[in-house]
Amino acid sequence: MDFLKGLNPRQREAVTYDGGPLLILAGAGSGKTRVITHRIAYLIDARGVPSFAIVAMTFTNKAAGEMRDRVAGLLAGRHPIAGLTVSTFHSYCVRLLRRDGDSLAGLRPGFTRDFTIYDEEDQLALVKAVYRQLGLTEKSFMQYRAALGRISHAKSHKRGPEEMSRDAKEPVISKLAVVYNEYENRLRQANALDFDDLLLEAVRLLQHDDRLRAAYNERIQHVLVDEYQDTNRSQYELMRLLSEKRRNVCVVGDEDQSIYSWRGADIRNILDFEQDFKDAVTIRLEQNYRSTKNILEAASALVAHNTERKGKWLWTEAGAGARITVYEAHDSENEALWIADTIDRLAHTSPGDRAAILYRTNFQSRQIEEALRRYGLRYKVVGGFSFYQRAEIKDMLAFLKAALAPGDDVSLLRIINTPARGIGKTTIEQIEQQARLKRVSVWAAIESLIAEGQLPPRADAALRGFMNMMAALRALAASKPIHELMRGIAESTGYLDMLKADDSPDSESRIENVHELIHAAAEAAERGETAADFLDHAALISDADSVDEKAEVSLLTVHNAKGLEFPIVFIAGLEDGLFPHIRSLDSPGMMEEERRLCYVAMTRAEKRLFMSWAHYRRRFGGGPSEPAIPSRFLREVPQSLIERAGAGPGEVDLDADRMLVRDTVRKNMFTGKTYNSLENIAEFFQSRGLKPPAGPGMAPAGAPAAMPPPRAAGSPGVRAPEVPGLGMPGAQGGRPQAMQQAVPPAKPRTAAPKPPKRLQPGRVGSTIEHARYGRGTVVRREGEGEDAKLTVSFPGYGLKKLIAKYAGIKTEE
DNA sequence: TGATTGTTTGCTCCA
DNA sequence: CAAACAATCA
């Protein structure tokens with residue numbers, strides 16, 4: 001097969017290059033994914049590289065899945081790709097540690113391969129616990145998040161608590177070092193790794209275990225890294241360690257799209273690649289196949305304001321296309337309505353074109369969602385609050401974690417009194433004190449407290465009950481498949497009953513979520529996954545994985561939009577302080593990153609690009625509107641490419657008829673987020689039948705037939721590192737072909753038009769008559785009775801705010 | 001002592 | 001409009 005057909009000369013060069021380190025500078029829309037997938041296919045087919053000798057790293061599970069599918073498609077009927085590894089850095093490291101991590105115990109006391117993973121929430125809980133222990137408060141010391149951020153930063157720069165303490169110039173930092181130290185101690189004691197550790201410890205393992213590293217290098221012939229501009233130090237090191245022998249690294253990136261410095265991404269990785277690899281060859285892909293000329297020019301002009309670049313100028317053969325629309329809204333609500341209105345209009349003029357609404361921060365989505373719902377538009381929200389971040393899911397998983405690993409203090413404390421079982425603050429304090437005193441886990445502390453018999457009778461009984469319950473769960477965990485275990489947890493702990501007894505509006509969806517989790521567990525069990533595998537997936541799932549590219553309207557942050565493209569793109573909230581974000585205003589480096597972020601946003605658009613800002617923006621629900629000024633980025637776009645929209649502040653010509661609201665969809669019912677994540681989870685588990693290597697004490701789980709013989713590793717007598725398991729994606733290779741096409745149709749759980757309920761006078765959605773403006777539709781109502789403030793949309797006049805009792809309005813049926 | 005209700009904050013982007 | 005905390009009630 002000719003994998004070079006349809007590629008331009010530069011792309012072809014990138015696909016076929018065979019001389020060691022290769023840096024592909026791939027501008028936005030230049031066919032980057034195409035090049036990587038073709039290169040992998042080419043290596044396998046034309047160069048005879050076995051698929052298990054190729055490792056490709058991506059940023060999200062979704063990108064990995066797509067890449068794998070595309071390679072499979074290219075090689076269909078010619079080569080099996082069962083052994084091919086396409087993975088995110090994080091899941092790669094988890095698998096590495098779970099499979100071959102034993103020797104890490106020498107470096108990290110207490111480490112075993114059945115470690116647990118602490119996500120950000122767990123990390124925060126840990127920091128809080130440390131604060132409590134040290135008698136610190138957020139007010140008196142430092143915000144939890146800030147502390148965690150600094151700790152994480154120090155960690156990823158390989159600076160331990162001792163160094164932090166030694167170099168501390170201020171007392172705050174010395175104290176922080178103490179927190180840091182205790183934080184690390186507790187992680188170790190619980191045999192838990194946080195997200196930083198996953199990468200760091202994998203790197204340490206490879207650095208120190210020469211035999212393991214050699215085995216991996218023996219096997220791996222090519223390492224490819226996507227989104228290289230967003231790799232951090234650990235990821236860079238991992239890449240080097242895995243490619244030490246053959247030095248066949250191929251990295252693909254675009255320094256103009258580096259947007260993760262806050263997560264430790266080091267832009268120098270890409271800027272200095274040619275120095276780090278002296279014999280590296282750089283190939284530039286500068287032809288853009290995505291956007292119109294106007295969009296491309298505008299974006300390029302914007303990013304040209306940056307200094308930290310290698311410099312490239314994208315070009316396209318596409319036509320100029322429409323100009324970029326910039327809309328100046330009176331307030332954020334008006335902005336949202338304008339977006340909804342424009343999308344509604346575009347649905348007629350360019351049917352079938354998907355639209356994306358991009359924003360800098362998640363909180364912006366709320367108002368936009370509301371506007372879309374008023375227009376009865378279907379939409380999907382990506383991220384924000386994913387399934388696995390939901391309290392009920394985290395609770396359920398905490399039960400599971402605590403049952404599997406009694407040393408997991410964070411999980412245990414999370415559910416020790418959920419549902420309420422009479423273990424209150426004082427008791428918990430007593431337990432924590434005991435744990436500190438004896439330097440044992442919370443579980444062990446409870447045991448010893450009970451044994452000592454010092455507890456008040458009520459607490460004693462409650463704790464005994466809790467211990468028995470957990471012991472029963474543990475027995476269940478040992479004997480039952482994961483979904484029965486989850487069901488057992490939901491029922492025997494009283495968790496489900498607690499939800500059922502709750503009459504708050506969203507308890508129903510919580511129950512649904514719990515069932516969904518059990519359902520997901522059942523599917524996992526069918527694939528032969530263990531509870532530990534299940535937890536790994538839950539920890540490593542990402543928001544971007546839930547992007548549904550077929551959705552007509554998508555709402556997502558710019559970060560989540562990386563790598564995606566849409567015919568129509570809106571960028572909302574272009575105000576100084578929001579985008580660029582306020583925290584970047586006094587730092588040139590951070591400002592450049594914000595600019596790159598805006599560049600990423602703009603270059604997502606294929607045909608039409610809309611940018612908007614609002615004079616007033618409300619940050620919290622009922623809070624005050626704060627004044628804003630337009631983003632500097634709007635000024636950095638050549639004005640000749642811009643077309644202004646709207647009659648002026650507050651004067652959107654919103655067609656009242658279309659505003660006839662299909663009903664106020666009950667809040668929380670279809671917040672997008674909920675249904676979004678429900679689909680997400682089922683899809684995720686279905687499409688990613690990842691089956692990591694067996695846990696400790698178990699034989700490697702049945703490997704697919706396609707798996708190459710494991711003899712590549714080690715000499716007889718020594719426990720051979722099971723490299724093949726990493727050179728291959730587990731059961732994914734054996735995934736039935738049918739499943740790849742049969743993506744389950746998304747359930748239309750959208751805000752479907754409901755039969756309008758009777759509209760009451762002045763209610764949102766009703767029509768009123770005003771003496772001066774005529775008929776209009778009530779768009780928003782604040783307050784009650786005759787004091788209520790109504791926001792009304794009058795055709796020809798735009799949005800007006802009226803006080804019910806003064807406006808002299810008549811209500812119509 | 002623990003559970004419930006009221007009050008006050010609030011600030012990212014993510015694997 | 002949340003969550004996180006303080007001040008109540010049982």
Side-chain angles (χ1 to χ4, degrees), chain A residues 57-64 87-94 117-121 123-124 128 137-139 143-146 149 152 156 193-199 227 230-232 234-235 258-265 358-367 370 382-386 388-389 391 417-430 455-459 462 506 536-545 556-562 573 577-584 590 593-594 596-597 600-601 617-624 626 667-668 671:
Chain A
M57 302 288 192
T58 62
F59 235 61
T60 63
N61 292 299
K62 181 161 179 287
S87 173
T88 66
F89 277 101
H90 282 86
S91 31
Y92 189 86
C93 289
V94 168
I117 301 170
Y118 276 4
D119 66 13
E120 196 179 343
E121 209 182 325
Q123 290 176 268
L124 275 173
K128 282 181 198 174
T137 64
E138 268 192 304
K139 278 194 190 122
Q143 297 216 323
Y144 299 135
R145 242 166 230 294
S152 169
S156 43
L193 301 184
D194 63 20
F195 277 118
D196 296 319
D197 288 328
L198 294 180
L199 302 175
E227 307 283 7
D230 284 323
T231 52
N232 64 24
S234 305
Q235 289 163 332
S258 170
I259 54 175
Y260 281 100
S261 72
W262 52 273
R263 206 171 66 189
L358 310 184
Y359 35 80
R360 177 69 235 274
T361 60
N362 273 309
F363 84 90
Q364 290 169 260
S365 76
R366 189 167 309 185
Q367 277 184 316
E370 211 174 299
V382 176
F385 207 71
S386 72
Y388 283 99
Q389 287 173 300
N417 200 31
T418 312
R421 51 176 73 86
I423 304 172
K425 213 166 70 183
T426 350
T427 312
I428 290 171
E429 238 161 61
Q430 203 178 342
L455 290 161
R458 259 208 296 183
D506 46 316
D536 281 353
H537 291 312
L540 297 175
I541 199 166
S542 80
D543 288 339
D545 297 337
L556 61 171
T557 63
V558 183
H559 283 92
N560 268 326
K562 189 171 82 160
L578 182 60
F579 197 2
H581 195 268
I582 188 154
R583 302 191 51 168
S584 67
M590 287 169 85
E593 177 145 323
E594 295 287 310
R596 289 192 293 269
L597 199 52
V600 168
R617 182 169 298 276
R618 149 185 3 256
R619 210 134 37 129
F620 314 114
E626 288 159 27
K667 274 193 81 186
N668 293 328
T671 58

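In what follows, chains are A, B, ... by sequence order, proteins preceding strands, each numbered from 1.
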Side chains of A:L193 and A:I117 in contact at under 4.5 Å (non-hydrogen atoms): no

Answer with base, sugar-phosphate or nothing: what part of the nucleic acid does A:Y144 contact at a heavy-atom distance below 4.0 Å? sugar-phosphate

Reading DNA chain B from 5' onward, which residue's closest nucleotide shows up sooner: A:T88 or A:P456? A:P456

Aromatic plane relationship, A:F59 with A:Y260 - under 30° parallel, 30 to 60° tilted, over 60° perpendicular: tilted

Using the benzene-type ring in the case of Trp, are the ring centres of A:W262 and A:H559 under 6.0 Å apart? yes

Tell me whether A:H581 is stacked on the nucleobase of B:dT12, counting only the six-membered base ring and applying the 5.5 Å and 30° thresholds. yes

Expressed as a whole number of angstroms, how long is the span from A:R583:CZ to B:dC14:P? 15 Å

For the pair made of CG in A:L198 and C1' in B:dA15, what is the distance, rounded to whole Å? 9 Å

P-based separation of B:dC13 from C:dA4 [nearest Å]: 15 Å

For A:D197, which residues count as a salt bridge (charged side-chain N to carboxylate O under 4.0 Å, His left out) partner, sequence neighbours excluded? A:R108, A:K155

From B:dT1, B:dA15, B:dC11, pick the nucleotide closest to the side chain of A:I582? B:dC11

Between B:dT12, B:dC14, C:dA4, which nucleotide gets closest to the side-chain atoms of A:R360? B:dT12

Please state whether the phosphate of B:dC14, meaning OP1 or OP2, lies under 4.0 angstrom from any side-chain nitrogen or oxygen of A:N362. yes

Within the 4.5 Å heavy-atom criterion, are A:M57 and A:Q235 side-chain neighbours or not? no

Rounded distance in Å between the P positions of C:dC5 and B:dT12: 16 Å

Give the rounded distance in Å between these two atoms: CZ of A:R145 and P of B:dC14. 12 Å

d(CD, A:E626; P, B:dC11) in whole Å: 13 Å

Is there a side chain to side chain donor-acceptor pair (under 3.5 Å) between A:T426 and A:E429? Walk through the geometry before answering. CA-CA 5 Å; A:T426 350; A:E429 238 161 61; over 6 Å; no

For atom CD of A:E138 and atom C1' of B:dC11, their distance in whole Å: 13 Å

Distances under 3.5 Å between nitrogen or oxygen atoms of protein and nucleotides 3-9 of chain B:
residue	atom	partner	partner atom	Å
B:dA3	OP1	A:G422	N	3.1
B:dA3	OP2	A:N417	ND2	3.1

Please determine, for the side chain of A:R263, which listed nucleotide (B:dT12, C:dC5, B:dC14) has the closest atom? B:dC14

For DNA chain B, whose closest nucleotide is more 5', that of A:Q143 or that of A:W262? A:Q143

A:R366 (side chain) and C:dC1 (base): donor-acceptor pair under 3.5 Å: no

To the nearest angstrom, how far is A:R618 atom CZ from B:dC11 atom C1'? 17 Å

Report the residues that fulfil salt bridge (charged side-chain N to carboxylate O under 4.0 Å, His left out) with A:R617, sequence neighbours left out, ordered by chain and then residue number. A:E335, A:E575

Please determine whether a side-chain nitrogen of the Lys or Arg among A:E594 and A:R583 lies less than 4.0 Å from a carboxylate oxygen of the Asp or Glu. no

Tell me what A:Q430 touches on the nucleic acid: a base, only sugar-phosphate, or nothing, going by heavy atoms under 4.0 Å. nothing

Which is true for A:F363 with a 4.0 Å heavy-atom rule: it touches a base, it touches only sugar-phosphate, or it touches nothing? nothing

Look at A:T427 and B:dG2 and indicate whether a side-chain polar atom (N or O) is within less than 4.0 Å of OP1 or OP2. yes

Starting from P on B:dT12, measure out to CG on A:N560 and report it in whole angstrom. 16 Å

Please determine whether a side-chain nitrogen or oxygen atom of A:T557 lies at a distance below 4.0 Å from atom OP1 or OP2 of B:dC14. yes

Could you state the CD-C1' distance from A:E227 to B:dA15, rounded to the nearest angstrom? 14 Å

